[in-house]
Peer 1: 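One structure, pasted below without further comment.
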There are 2 protein chains.
Amino acid sequence: MFTKVLVAEDYEIANQGIIRILNDQIGIHNIQEAKYCDDAYLKFRKAYNDNDAFELLITDLSFKQDHKVQTRTSGIELIQDIRSIQPDIKVIVYSQENRPDKINMLFEKYHINGYVCKGQNAIKELISCVNGVYQNQKIVPPELSNNPDSGSMIHLDDLDMLLLEELSYGYTKKEIRLKLIEQNITPNGESSIDKRVSRLFDNFKAKNTTHLVAIVKDLGLL
Amino acid sequence: MFTKVLVAEDYEIANQGIIRILNDQIGIHNIQEAKYCDDAYLKFRKAYNDNDAFELLITDLSFKQDHKVQTRTSGIELIQDIRSIQPDIKVIVYSQENRPDKINMLFEKYHINGYVCKGQNAIKELISCVNGVYQNQKIVPPELSNNPDSGSMIHLDDLDMLLLEELSYGYTKKEIRLKLIEQNITPNGESSIDKRVSRLFDNFKAKNTTHLVAIVKDLGLL
DNA sequence: ATCCAAAATACAGAAATCTGTAAGGACATT
DNA sequence: AATGTCCTTACAGATTTCTGTATTTTGGAT
């Protein structure tokens, strides 16, 4: 089993809970905790430089910022920074987020090794996740692996996302068209944009632009 | 100090943490916990019917739903249901949410007694919140009470919220008008709705309906 | 080079949005 | 009763949205 673990979680009640589980139920005793991303990074650096590196990082995604000035405010930055130095460190993300799209993105883009969703079964899931990751498995939360419709997810390309974003800012299609032309993005015909947005209507079962943006906001894609 | 407390929090690691704090640091020993809203409600009803009612409810806002069928999925419904039976019960909401508008809404609309934000100082804040609420104070989280612009919040009445909601569902103003007439809500003239929405445009500096809904979603009011 | 299918675009018309003006009613003050 | 203010509503016109159809362009396969 892992012998040395770093826990980055700003929410101190959870922080303590995680450490207790690692300690009592998994038998890991060499644990360091950090309530700030920057603090986590410093502890990581120190251990790495002392040739006593961490084997596993368990981190939250969002860190509230208080009075202290932080250079990192999200777990993603922390993961990137740490992986750039120690690429083989195992990473478990442990967060509130339960939207399939977002969790999948973490695995695909940042190659995390496991994800545990804060929730009713966090204790059990955390234990099996740590065990699985130790055996080099990729541990997806059960909500996701059981969910059949996560595979049928609609794939949105960059232009789709751009359109959704611009629409959510209240720009008209004419204005968006001009922006696309300025940035040399094709297609940029007004009716091409219409068509694309209409397809999004179908995908998300939206009645109109306002509805579409509301849906996408709810899904957390914007 | 309170002698009997109900803790509704689906996230079990936090759940345990809260109970430990109440126990060890505040000296409340008669605590019941619930990981589901419905479960919390049943425990409340039982205690109330047994003439051994709870004095304080500490609840999260969002409850993830798993396989069990729940009639209540949000802490707000739980609060409403419980308050309709025992109006004088003290309520502390304890949640991830840190958007001022939403927290203010909880105090104004649901008359909660205290709010604690999950975060770095949750332990300290929870302790002082329970103490303050016991002394009939209204305990606003420090992030909010220090924030000067929280006072300048735009006040939205029920009709405003209704309109925003319907617009976010993609209904046209004609459709919304008909709904208002059906429910005997005035004003319901088409241009009255227009005027009201235009006022919302001004309030939120929105360019059009889509932009407005996006802004309101971001603020967490919808 | 030719053909085909998919994508991009133009165009058009019905519906909806947004904005302004004006008319009518409710209500309080004088 | 008269006045003024606020709110509701009707109406109108310019713009935008949304949905079709038709035409052109693109890129790959033969």
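Throughout, protein chains are lettered first and strands after them, A, B, ... in sequence-line order, and every chain is numbered starting at 1.
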Peer 1: Could you give the start and end, 5' to 3', of the contact zone on DNA chain D for chain B, using atoms under 4.0 Å from its heavy atoms?
Peer 2: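 Contact span on the strand: D/dT8 to D/dC11.
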
Peer 1: Salt-bridged, B/E33 to B/K35, with N to O below 4.0 Å?
Peer 2: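 No.
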
Peer 1: Should the pair A/R45-A/D81 be classified as a salt bridge under the 4.0 Å nitrogen-to-oxygen rule?
Peer 2: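 Here A/R45 does not pair with A/D81 in a salt bridge, since their nearest N and O are not under 4.0 Å apart.
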
Peer 1: What distance do A/Q96 atom CD and B/K118 atom NZ have between them, rounded to the nearest 0.5 Å?
Peer 2: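 Separation between the atoms: 6.0 Å.
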
Peer 1: Need one value for A/S191: base, sugar-phosphate or nothing, where a base atom within 4.0 Å counts as base even if backbone is also close, heavy atoms only.
Peer 2: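 Base, at least one base heavy atom under 4.0 Å.
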
Peer 1: Looking at A/Y171, is B/K207 sitting on its ring face, NZ or CZ under 6.0 Å from the six-membered ring centre and within 45 degrees of the normal?
Peer 2: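 Relative to the ring axis of A/Y171, which defines the angle, B/K207 lies inside both limits.
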
Peer 1: Figure out the CZ/C1' separation between B/R177 and C/dA15, and round it to whole Å.
Peer 2: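 Answer to the nearest Å: 17 Å.
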
Peer 1: Rounded to whole angstroms, how far apart are CG on B/L200 and C1' on C/dT17?
Peer 2: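 Result: 15 Å.
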
Peer 1: What contact category does A/T172 fall into here, base, sugar-phosphate, or nothing, at under 4.0 angstrom with non-hydrogen atoms?
Peer 2: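 Sugar-phosphate only.
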
Peer 1: Between B/E190 and A/T210, which has a closest nucleotide on DNA chain D that is more 5'?
Peer 2: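 First, find each residue's nearest nucleotide; the 5'-ward one identifies B/E190.
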
Peer 1: OP1, OP2 of C/dA8 versus side-chain N and O of A/N188: anything below 4.0 Å?
Peer 2: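 A/N188 to C/dA8 OP1/OP2: no side-chain N or O under 4.0 Å.
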
Peer 1: NZ of A/K173 versus P of C/dT9: gap in Å, rounded?
Peer 2: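 Whole-Å distance recorded here is 15 Å.
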
Peer 1: Counting any heavy atom closer than 4.0 Å, what does B/K195 reach on the DNA or RNA strands: base, sugar-phosphate only, or nothing?
Peer 2: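 Base contact - B/K195 has a heavy atom under 4.0 Å of at least one base atom.
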
Peer 1: Between atom NE2 in A/H211 and atom P in C/dT17, what is the gap in whole Å?
Peer 2: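 Those two atoms, NE2 and P, are 14 Å apart.
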
Peer 1: Looking only at side-chain N and O atoms, does B/K174 come under 4.0 Å of OP1 or OP2 in C/dA15?
Peer 2: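 Result: no.
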
Peer 1: With sequence neighbours left out, which residue pairs that include part of residues 128-142 of chain A fulfil the side-chain hydrogen bond (donor to acceptor under 3.5 Å, both in side chains) condition?
Peer 2: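 Counting only pairs at least two positions apart or across chains, the side-chain hydrogen bond (donor to acceptor under 3.5 Å, both in side chains) contacts touching residues 128-142 of chain A are A/K90-A/N136, A/Q135-A/Q137.
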
Peer 1: What is the separation between atom CZ on B/R196 and atom P on C/dG20, rounded to the nearest whole Å?
Peer 2: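 It works out to 19 Å between those atoms.
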
Peer 1: Indicate, with a heavy-atom threshold strictly under 4.0 Å, whether B/T209 touches base, sugar-phosphate, or nothing.
Peer 2: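 Contact class for B/T209: sugar-phosphate only.
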
Peer 1: Report the distance from atom CG of B/D194 to atom P of C/dA15, rounded to the nearest whole Å.
Peer 2: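 Rounding to the nearest Å, CG of B/D194 and P of C/dA15 are 18 Å apart.
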
Peer 1: I need the B/L156 CG to B/L221 CG distance, nearest 0.5 Å.
Peer 2: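 It comes to 6.5 Å.
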
Peer 1: Nearest whole Å is fine: how far is C/dT17 C1' from B/Y171 OH?
Peer 2: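 From B/Y171 OH to C/dT17 C1': 19 Å.
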
Peer 1: I need the B/I92 CD1 to B/L56 CG distance, nearest 0.5 Å.
Peer 2: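 Here the rounded value is 4.5 Å.
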
